Each structure stands twice: as C-alpha cells, then as structure tokens.
Amino acid sequence: MVEPVQQFDVISMGRIGVDLHPHRPGVPGPRHGSSGRFLGGPAADVAVTAARLGRSTAVITRTGADSFGAYLHQTLTESGVDNRWVTRTAASATPVAGAPDLEIHTDELDYFAIRAARIFWITGTGLSAEPSRSATLAALKCRDRAATTVLELDWRPAPGDDPARTDPDEPRPRYTRAPRQAYAEARPHHAEALRHAYAEALRHATVAVGDLDACEIATGVRAPHACAEALLAAGVELAVVKRGPQGVLAVHRDGTTADVPSAPVAAADGAGDGFGGALCHGLLSGWELERTVRHALTAGTPLDGALR
C-alpha cells in the first residue's frame with residue numbers, strides 16, 4: 001500500500017547557513033559582548049517565519065557534515081521546521097553565511113512532496129551552478145505551476161563564480177556577499193547566462209520576488225514598475241519588487257497593485273529576513289494584496305524581533 005504524501009503548507013529549497021551577529025550591550029546572548037551564531041539564509045528564513053506563524057514547513061538543502069551543519073539541523077527542528085530533506089555531505093564544509101546547497105542533485109528530490117506543497121519557495125542561487133541548477137529546474141518543472149510556486153531572485157555571486165559553469169567537478173569558490181551589479185558589469189557574459197537561467201525558471205513560477213539588483217539581473221531593467229512588468233511578461237502571476245528603504249511594489253497580472261512604503265522598526269539579534277515567510281502566510285490566508293505586503297514588510301526585519 002502506498003503511503004499518502006504529507007502536504008506541507010510551505011516547502012522552501014535553497015540556501016541556508018550560519019549567520020554571526022554581535023551581541024549588543026543590554027541584549028542577552030551566549031557570551032555578553034561577543035558574537036553569536038544564528039540560523040540564516042533565505043530558505044531557512046522563509047520556513048522559520050512561516051512556522052512561527054502556524055504553518056507546516058520543510059526545507060530542502062544540504063549542509064556539511066560538521067558542527068555548523070549539526071547546529072543548522074538542530075535549530076531548524078527547534079524552530080518547528082521539518083528537516084528530513086536537509087542532507088549532509090562530506091564533500092563540503094558548512095561555511096559561515098552559506099551552506100553547500102549547490103550540491104543538491106535531481107535524484108535526491110521528493111517530487112511528490114514538492115508537487116503537493118501548498119507553496120513551494122525556491123531560491124535563485126540554485127541556478128548559479130551545477131548540479132543545483134538542474135535540480136532547481138527539475139523541481140520547478142515538476143510543480144507545473146501548481147498552487148503557488150515562488151522564485152526568489154536572490155542570487156549572489158562568489159568571486160570568479162560563473163553561471164555558465166556546467167561541470168559539477170569544476171572547483172567553485174566559496175560564497176561571499178559580493179556586490180551583484182559590480183559583478184554583472186565586470187562579467188557581462190556570466191550575467192547573461194544567469195538571465196537565461198532565470199528566464200527558464202520564471203516560466204514555471206507563479207510568483208517572483210526580488211530586490212532591485214536581482215530583478216535587474218533577471219530582466220535587464222531597473223525601474224521598479226518596469227521590473228514588475230517584465231517579470232509578469234516572463235510568465236508569473238505576481239511580481240514582488242523589494243525597494244529597500246522605499247518599501248515594496250507588488251503587481252498582480254489582474255492589475256491589482258500594492259505600493260507599500262517601509263516602516264521603521266527596531267533591530268534585534270539573530271537577524272533573519274522574515275519577509276518571505278510572512279508573504280507566504282498572507283497568500284495562504286487569502287488576504288488582499290496590500291494587506292499581505294504590509295504584513296510581510298512588518299516581518300521583513302530580524303526574525304527574533306518581528307514575530308514574538
């Protein structure tokens with residue numbers, strides 16, 4: 001007898017990692033005045049935020065077989081996130097601010113669970129190299145635009161990294177937070193290769209989310225409304241353009257628009273971006289677009305401060 005597939009509210013796939021943040025005076029921490037480690041990365045942020053809002057969530061990613069990897073597994077579980085698809089690899093260590101999520105292979109994916117999820121959220125970093133590029137596209141294709149499929153345009157380059165790289169055995173430099181636009185201008189053929197990968201992925205997504213830098217790499221335009229229109233033309237139903245201090249612009253194919261300014265909020269230790277998980281909660285709740293975006297912006301601040 002075939003067991004029924006567990007349906008999660010949200011499954012996220014992509015980058016997780018260990019973030020280090022200094023403990024400020026007056027803020028409790030493991031070692032007062034020192035740095036503390038926290039669960040981070042966009043796929044983790046989405047799953048943790050949605051779990052804190054009462055949603056059933058899981059993550060698909062990889063970690064190193066090391067103490068940082070063990071910390072990520074434990075913290076996901078403690079945060080209410082199912083970690084059955086967070087697998088360890090001895091081939092890579094778990095670096096600070098990133099995990100070896102680019103080592104995800106197509107034959108490791110649970111396509112039935114991916115297909116069944118009410119929301120499937122996938123991060124664009126997976127398109128930057130093989131074997132993750134093939135796994136990312138395979139996961140999107142298996143969804144076949146079912147329910148809500150979100151592509152987060154979050155790719156950040158590592159120095160010397162090449163989106164045109166196809167050999168999984170080719171050495172790949174460690175992930176860093178290098179400026180994306182400077183990278184794209186210095187390596188236009190790499191940015192063009194990534195743009196083609198984004199175009200293919202967008203055909204299988206129903207929602208696209210990204211900041212102006214990422215949207216420009218994906219679409220070739222930078223003005224927020226032009227970015228949104230280009231993403232809709234690429235195939236999605238909803239385009240969400242994050243504009244930093246200027247807030248968020250969301251445009252639906254039916255013509256509904258929400259242009260919501262940012263509201264100042266206090267920071268907290270354990271910084272993680274709660275925007276994506278809160279956006280998922282609003283979409284699952286069936287809220288109107290402006291309410292959903294406002295709710296996501298409120299949570300789009302350090303996780304420990306936004307959701308308690």
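Predicted model, so just to flag it, every value in this text is computed and none were measured. All values below were derived from every heavy atom in this structure, side-chain atoms included, with hydrogens, water molecules and symmetry-related copies excluded.
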*Can Asp213 and Arg222 be said to form a salt bridge (Lys or Arg N to Asp or Glu O under 4.0 Å), step by step?*
CA-CA 7 Å; Asp213 285 347; Arg222 186 168 182 85; 2.9 Å; yes
*Run the numbers on Leu231 and Leu153 for side chain to side chain contact (heavy atoms under 4.5 Å, CB included), then give the verdict.*
CA-CA 11 Å; Leu231 292 170; Leu153 307 173; 3.9 Å; yes
*Tell me, with the steps shown, if Leu238 and Val251 meet side chain to side chain contact (heavy atoms under 4.5 Å, CB included).*
CA-CA 6 Å; Leu238 174 64; Val251 181; 5.9 Å; no
*List the steps and the verdict of side chain to side chain contact (heavy atoms under 4.5 Å, CB included) for Asp259 and Glu290.*
CA-CA 8 Å; Asp259 194 345; Glu290 183 167 343; over 6 Å; no
_Working note: Thr148 + Arg118, criterion side chain to side chain contact (heavy atoms under 4.5 Å, CB included); need CA distance, chi angles, decisive distance, verdict._
CA-CA 6 Å; Thr148 300; Arg118 297 178 67 193; over 6 Å; no
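Side-chain atoms of Glu108 come within 3.5 Å of backbone atoms of His105 as a donor-acceptor pair (strictly under, hydrogens ignored). Using modelled atom types, no side-chain atom of Arg55 and backbone atom of Asp9 make a donor-acceptor pair closer than 3.5 Å. Remark: the backbone N or O of Leu279 is not paired with any side-chain donor or acceptor of His295 at under 3.5 angstrom. With hydrogens and angles ignored, the 3.5 Å screen pairs a side-chain donor or acceptor of Arg62 with a backbone N or O of Arg88. Using a distance-only test at 3.5 Å, with no hydrogens or angles considered, a donor-acceptor pair links the side chain of Thr219 to the main chain of Val221. Of the possible polar contacts, none joining the Thr149 side chain to the Ala205 backbone as a donor-acceptor pair under 3.5 Å is found. Using a distance-only test at 3.5 Å, with no hydrogens or angles considered, no donor-acceptor pair links the side chain of Arg203 to the main chain of Ala234. Between the side chain of Gln7 and the backbone N or O of Ala116, at least one donor-acceptor pair lies under 3.5 Å. Although no hydrogens or angles enter the test, the distance criterion places a donor-acceptor pair under 3.5 Å between the side chain of Asp254 and the main chain of Thr256. Formation of a donor-acceptor pair under 3.5 Å by the Thr49 side chain with backbone atoms of Gly277 is not found in this model.
Separating the NZ atom in Lys141 from the OG1 atom in Thr106 is a distance of 11.0 Å, to the nearest 0.5 Å. Rounded to the nearest 0.5 angstrom, Cys215 SG and Arg243 CZ are separated by 11.5 Å. In this structure, CD in Glu229 is found 5.5 Å from CG in Leu232, a value given to the nearest 0.5 Å. One finds the CD1 atom of Ile122 at 7.5 Å from the CG atom of Leu151 (value rounded to the nearest 0.5 Å). Distance check, rounded to the nearest 0.5 Å: CD1 of Ile11 to CD of Gln6 gives 8.5 Å. Rounded to the nearest 0.5 angstrom, Asp45 CG and Glu152 CD are separated by 8.5 Å.
Electrostatic pairing of Glu237 and Arg253 counts as a salt bridge here, judged by a charged N lying under 4.0 Å from a carboxylate O. The residues Glu288 and Arg294 are annotated as not salt-bridged, no charged nitrogen and carboxylate oxygen being separated by less than 4.0 angstrom. With respect to the salt-bridge test (charged N to carboxylate O, under 4.0 angstrom), the residues Asp154 and Arg15 qualify.
Proximity of Val241 to Val248: side-chain heavy atoms (C-beta onward) are nowhere separated by under 4.5 Å. Residues Leu283 and Ile119 form a side-chain contact, since some pair of their non-hydrogen atoms from C-beta on lies under 4.5 Å apart. Counting only heavy atoms from C-beta outward, the side chains of Leu212 and Pro224 approach each other to under 4.5 Å. Taking 4.5 Å as the limit, every side-chain heavy atom of Ser132 sits out of range of all side-chain heavy atoms of Glu103. For the pair His252/Thr257, no side-chain contact is recorded, criterion being any heavy-atom separation below 4.5 Å from C-beta on. Proximity of Val209 to Phe275: side-chain heavy atoms (C-beta onward) are separated by under 4.5 Å at one or more points. By the 4.5 Å heavy-atom criterion applied to side chains, Val207 and Val236 are not counted as neighbours. For the pair Thr123 and Met13, the minimum side-chain heavy-atom distance is 4.5 Å or more.
Taking each heavy atom of Leu127 and Arg133 in turn, the nearest pair found is O-NE, 3.0 Å. In terms of heavy atoms, Ser79 sits closest to Ala51 at O-CB, 3.6 Å. The two atoms that bring Thr61 and Ile104 nearest to each other are CA-CD1, 3.8 Å, heavy atoms only. Taking every heavy atom of both residues into account, Pro261 and Leu297 meet most closely at O-CD1, 3.6 Å. Taking both residues in full, the closest heavy atoms of Tyr198 and Gly124 are given as CE2-CA, 4.1 Å, listed atom of the first, atom of the second, then distance. Nearest heavy-atom pair, Ala58 versus Ala47, reported as atom, atom and distance to 0.1 Å: O-CB, 4.4 Å.
Val46 pairs in a side-chain contact (heavy atoms from CB on, under 4.5 Å) with only one of the listed residues (Val10, Val81, Val150, Val59), which is Val10.
No side-chain donor-acceptor contact under 3.5 Å links His196 and Glu200.
More than 12 non-hydrogen atoms from other residues, nucleotides or ligands lie less than 6.0 angstrom from OH of Tyr111.
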